[in-house]
> 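Got a structure here, written out as structure tokens. Questions coming.
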Amino acid sequence: MGASAAEAVAALHRLLPREFYARSSVDVARDLLGKILVSESDEGPATATIVETEAYGGPDDLASHARAGLTKRTAPMFGPPGHAYVYLVYGMHECLNVVTEEDGRAGAVLLRAGHPLTGIDLMRRRRARPGDPDGRLAAGPARLAQALAVTRADNGHDLTLGRRLWVADPGLPSAAAIEAGPRIGISYAGAEWAGRPWRFWLRGEPAASRP
DNA sequence: ATAGGGATTCTC
DNA sequence: AGAATCCCTATT
């Protein structure tokens, strides 16, 4: 194995510590851009650079699942940071969040898009959509989860363990500029909350949403 | 017990 | 623009 390949493997084990997640959702959402989402499954490993995120707050955020307070579904959002919160939306799509904020305070970041790095053949097999360019195999929150084989079975999983599913720091700062805009699909929350620029993405990234 | 609706994606 | 499709949450 060459030096650069060895470095790439080492980077996958540079785990983000729990303190990274124990901050405001907006800060975590912004700082997750350029980090690497790693998944290991029976089919093999797959990785993608996180290129689009959305921040969600607690009961005061009318766009957040936590707006109803602590319920069975949203319990992970109120739990310790650095865990996964996976939910089913529209009866068919699963979406992956990372839990933020201190234990007891609700918050999460929805991972909306990834740029495939490795395991691209796996992602293509999972999505099975002919004509998709490699760069868009993990475009969209439901497609990102599917490409990395994330399901509700991963709900509550500790992302700081470095097994099955975690986030790694590539070590190098992302070259791309960060852009911000309103969150998607939350018009029910009213203008004040729907208008907040809590969606972040890397400029020019082909996998980012184009609303 | 039941009704209303959704942090999406694909097709027409 | 409209469908697909399950489960959460609130209400009766």
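Proteins get letters first, then strands, A, B, ... in listed order; numbering begins at 1 in each. Note that the coordinates shown come from a computational prediction; the quantities given were computed from them, not determined experimentally. Note: hydrogens, waters and symmetry copies are ignored here, and every other heavy atom, side chains too, is used.
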> Counting primed atoms plus P, OP1 and OP2 as sugar-phosphate and everything else as base, spell out the protein contacts along nucleotides 3-12 of chain B at 4.0 Å heavy-atom distance: B, S or - for each nucleotide, 5' to 3'.
---BBBSS--
> Salt bridge between A:D60 and A:R67, side-chain N to carboxylate O under 4.0 Å?
no
> Does the separation of the ring centres of A:Y87 and A:H65 fall below 6.0 angstrom?
yes
> Quick one: do A:D61 and A:R183 make a salt bridge, cutoff under 4.0 Å?
yes
> Does C:dC7 have its OP1 or OP2 closer than 4.0 Å to a side-chain nitrogen or oxygen of A:R152?
yes
> Mind checking the P distance from B:dT2 to C:dT5? Whole angstroms is fine.
23 Å
> Do A:R203 and A:W201 form a cation-pi contact, if we require the NZ or CZ to be under 6.0 Å from the six-membered ring centre and within 45 degrees of the ring's axis?
no
> Specify the separation, in whole Å, of atom CD of A:E94 and atom P of C:dT5.
15 Å
> If you measure from CD on A:E40 to OG1 on A:T47, what distance do you get to the nearest 0.5 Å?
10.5 Å
> Exactly one of A:L111, A:V38, A:I50, A:T160 should register a side-chain contact (heavy atoms from CB on, under 4.5 Å) with A:V167. Which one does?
A:I50
> Using purine N1 to pyrimidine N3 plus N6-O4 or O6-N4 for Watson-Crick, or N1-O2 and O6-N3 for G-U wobble, both under 3.5 Å, which nucleotide pairs with C:dC8?
B:dG4
